A.B. asks: 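Mind having a look at this structure? Questions to follow.
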Amino acid sequence: MTDTRNKFKITVPATSANIGPGFDVLGMAFSLYLTLDCERLPAGSALQMTYEGEGAKDVPLVAEKNLITKTALYVLSTYGIASLPPLKIHVTNPIPLGRGLGSSGSAVVAGVVLANAAGNLGMSNDRMLDYCLMVERHPDNVAPALFGGFVASFLRELEPEELEPSSIPRSEPTRNGAAQPPTPVTDIGHYIQLGWAKEIKAIAVIPDFEVATEDARAVLPDMYERADVIYNLQRIAVLTTALSRTPVNADLIHKAMSDKVHQPYRKHLIPGMAEMLEKITPKTHPGVVGICLSGAGPTILVLATENFEQIAAAVQDIFSQQTNGGIKSMFKVLDVVHDGAQTEYFD
Ligand SMILES: Nc1ncnc2c1ncn2[C@@H]1O[C@H](COP(=O)(O)OP(=O)(O)OP(=O)(O)O)[C@@H](O)[C@H]1O
Ligand SMILES: N[C@@H](CCO)C(=O)O
């Protein structure tokens, strides 16, 4: 549905992907929101973009370079619209960049939703997911950011021509009269929102260094042993249902959050992670339900039902004991939220 009112606000939640064994499959949306306050300007006005919060010092505010507006430009260009309509956009971003809380996924979703609202494109959520997946190829952050909740997702197998390296990611808009970029293929992403036991909260312990997702993916092997694949499949099947059940079975969830596909290969990128995964358990720290690397890291995600501050302190202690003076960190206690990206219109 389109709405041409003058002001609109886009809200997109942060996310955590993987949740242990669900590499590139599972993700959840959190009560921490990237927001875009937008106002339509008279025809002929220049785009005005301001930004506050995480990344304020580094994030470019040029439409063609900023991930949010660059994504919006790409979407609009596939509709034959060469530039963003005149807008004032104020971005407020509390999601730390490059820390495993899905900042890029939320920015991509915000860009697609921005194009939809600013260009009155009337896209369905499923079509918006196609666009998100043309930019961020793995679905586990963008699906919960778009739809909300605890989400499992997969991509349909793409034809070789749809996977041409030169066309992915397709976030670069076509400029200067060049041919219009190909309309993205349809029906790329498939997802389902899973149940979530409401008493389980997420503690995100965020160290003060970044790990780029690209680097954390580069350390993963191309091939896996059958035993490791089975190990993860068994756990993910149990985990998705166990996280929906009340009363919470912490021991089962903790065991089911173990992983052999990505965390073992990323240990060296996150000092202290191996010790945290081994020592912070439901038995040693009452209230703990499970612990894993959040997304590609370096944030550590602890699912818990109580004692949030004490549990966060235990993770922070291990970060602080790492070599070279220790690693500083902060923590956030977050709810898993059922709503994904929203657009609210004002007069
Ligand atoms: N609000 C934003 N505005 C513009 N660019 C952003 C924004 N948020 C993230 N980015 C871009 O995304 C990059 C971080 O993406 P990256 O995939 O490495 O980490 P992440 O998404 O925070 O973590 P993960 O994918 O593991 O959850 C930033 O360096 C920046 O280039
Ligand atoms: N599944 C992705 C999430 C991070 O974007 C990864 O772990 O690389």
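Every number for a ligand or one of its atoms is a count from 1 in the order of the listing. A quick note: this is a predicted structure, and the numbers were derived from the prediction, not measured. Hydrogens, waters and symmetry mates play no part in the numbers below; they use all other heavy atoms, side chains included.
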A.B. asks: For H262, state whether at least one heavy atom is located under 4.0 Å from any atom of ligand 2.
C.D. replies: no
A.B. asks: Side chains of T186 and D130: do they bring a donor and an acceptor to under 3.5 Å?
C.D. replies: no
A.B. asks: Any chance the side chains of E52 and H90 put a donor and an acceptor closer than 3.5 Å?
C.D. replies: yes
A.B. asks: Could you check whether atom CZ of R217 has more than 12 heavy atoms from other residues, nucleotides or ligands sitting under 6.0 Å from it?
C.D. replies: yes
A.B. asks: Hey, could you give me the CD1/CD1 distance between I300 and I280, rounded to the nearest 0.5 Å?
C.D. replies: 8.5 Å
A.B. asks: Determine whether a donor-acceptor pair (N or O, by modelled atom type, separation under 3.5 Å) exists between the side chain of D140 and the backbone of F23.
C.D. replies: no
A.B. asks: Compare V59, L97, I95 and give the one whose heavy atom is closest to atom 3 (N) of ligand 1.
C.D. replies: V59
A.B. asks: Check each atom of ligand 1 against the heavy atoms of R99 and keep those under 4.0 Å away; list them by number with element.
C.D. replies: 22 (O)
A.B. asks: Mind checking whether T213 has an N or O less than 3.5 Å away from an N or O of ligand 1?
C.D. replies: yes
A.B. asks: Is there a heavy atom of A17 sitting under 4.0 angstrom from any atom of ligand 1?
C.D. replies: no
A.B. asks: How close does the nearest protein non-hydrogen atom get to atom 7 (C) of ligand 1, and which residue and atom is it?
C.D. replies: A107 CB, 3.8 Å
A.B. asks: Against heavy atoms of D140, which atoms of ligand 2 measure under 4.0 Å?
C.D. replies: 1 (N), 2 (C), 3 (C)
A.B. asks: For L277 and H254, work out which heavy atoms get closest and say how close.
C.D. replies: O-NE2, 4.4 Å
A.B. asks: For N141, counting its heavy atoms only, list the atoms of ligand 2 lying under 4.0 Å from any of them.
C.D. replies: 3 (C), 4 (C), 5 (O)
A.B. asks: First locate atom CD1 of I253, then atom CG of L303, and finally report the distance between them rounded to the nearest 0.5 Å.
C.D. replies: 7.5 Å
A.B. asks: Does the protein put a heavy atom under 4.0 Å from atom 31 (O) of ligand 1?
C.D. replies: no
A.B. asks: Do ligand 1 and H138 have nitrogen or oxygen atoms that lie under 3.5 Å from each other?
C.D. replies: no
A.B. asks: For G100 and ligand 1, answer yes if some heavy atom of the residue is under 4.0 Å from a ligand atom, otherwise no.
C.D. replies: yes
A.B. asks: Determine whether the side chains of E54 and S103 contain a donor N or O and an acceptor N or O closer than 3.5 Å.
C.D. replies: no
A.B. asks: Hey, are S16 and S294 close enough side-chain-wise for a donor-acceptor pair under 3.5 Å?
C.D. replies: yes
A.B. asks: Decide if atom NE2 of H338 counts as having more than 12 heavy atoms of other residues, nucleotides or ligands within a radius under 6.0 Å.
C.D. replies: no
A.B. asks: At what distance is the nearest protein heavy atom to atom 2 (C) of ligand 1, and which residue and atom is it?
C.D. replies: Y51 OH, 3.6 Å
A.B. asks: Describe, in one word, how the ring planes of W196 and F150 are oriented to each other, choosing from parallel (under 30°), tilted (30 to 60°) and perpendicular (over 60°).
C.D. replies: perpendicular
A.B. asks: Can you tell me how far CD1 of I95 sits from OG1 of T15, rounded to the nearest 0.5 angstrom?
C.D. replies: 7.5 Å
A.B. asks: What is the distance from atom CG of L114 to atom CG of L36, rounded to the nearest 0.5 Å?
C.D. replies: 6.0 Å
A.B. asks: For F23, take its heavy atoms, then give the atoms of ligand 2 lying under 4.0 Å from any of them.
C.D. replies: 1 (N), 6 (C), 7 (O), 8 (O)
A.B. asks: Output the list of atoms in ligand 1 that are nearer than 4.0 Å to some heavy atom of A296, sorted by atom number.
C.D. replies: 26 (O)
A.B. asks: In ligand 1, which numbered atoms sit nearer than 4.0 Å to a non-hydrogen atom of A212?
C.D. replies: 18 (O)
A.B. asks: Kindly identify the option in L36, L67, N18 whose heavy atom sits closest to atom 11 (C) of ligand 1.
C.D. replies: L67
A.B. asks: Atom NZ in K255, atom CG in L239: separation rounded to 0.5 Å?
C.D. replies: 13.5 Å
A.B. asks: So which protein heavy atom does atom 6 (C) of ligand 2 come closest to, and at what separation?
C.D. replies: R217 NH1, 3.2 Å
A.B. asks: Hey, which atoms in ligand 2 end up nearer than 4.0 Å to a heavy atom of A17?
C.D. replies: 3 (C)
A.B. asks: For a salt bridge (charged side-chain N to carboxylate O under 4.0 Å, His left out) check, start with the C-alpha distance between D335 and K198, then their side-chain angles and the critical distance, and finish with the verdict.
C.D. replies: CA-CA 8 Å; D335 288 312; K198 62 180 182 324; over 6 Å; no
A.B. asks: Check ligand 1 against G102 and write out every atom of the ligand that is under 4.0 Å from a heavy-atom position of the residue.
C.D. replies: 21 (O), 23 (O), 24 (P), 27 (O)
A.B. asks: Quick one: look at L101 and ligand 1, take heavy-atom pairs under 4.0 Å, and tell me if it's side chain, backbone, both or neither.
C.D. replies: backbone
A.B. asks: Examine the side chains of S329 and Q316 and answer whether a donor and an acceptor come within less than 3.5 Å of each other.
C.D. replies: yes
A.B. asks: Taking distance alone, with N or O pairs closer than 3.5 Å, would you say E136 contacts ligand 2?
C.D. replies: no
A.B. asks: Geometry only, no angles: is S103 polar-contacting ligand 1 at N/O separations under 3.5 Å?
C.D. replies: yes
A.B. asks: Heavy atom under 4.0 Å from ligand 2: found in T213's side chain, backbone, both, or neither?
C.D. replies: side chain
A.B. asks: Does ligand 2 have an atom that lies less than 4.0 angstrom from a heavy atom of R266?
C.D. replies: yes
A.B. asks: Regarding ligand 1, does G98 bring an N or O atom to under 3.5 Å of one of the ligand's N or O atoms?
C.D. replies: yes
A.B. asks: Is it the case that ligand 1 has an N or O less than 3.5 angstrom from some N or O of G295?
C.D. replies: no
A.B. asks: Which of the atoms of ligand 1 are close to N141, meaning less than 4.0 Å from one of its heavy atoms?
C.D. replies: 25 (O), 27 (O)
A.B. asks: Using a 3.5 Å cut-off on N or O atoms only, is V211 in polar contact with ligand 1?
C.D. replies: no
A.B. asks: Decide whether an N or O pair under 3.5 Å exists between S104 and ligand 1.
C.D. replies: yes
A.B. asks: Do Y231 and S258 meet the criterion of a side-chain donor-acceptor pair at a distance under 3.5 Å?
C.D. replies: yes
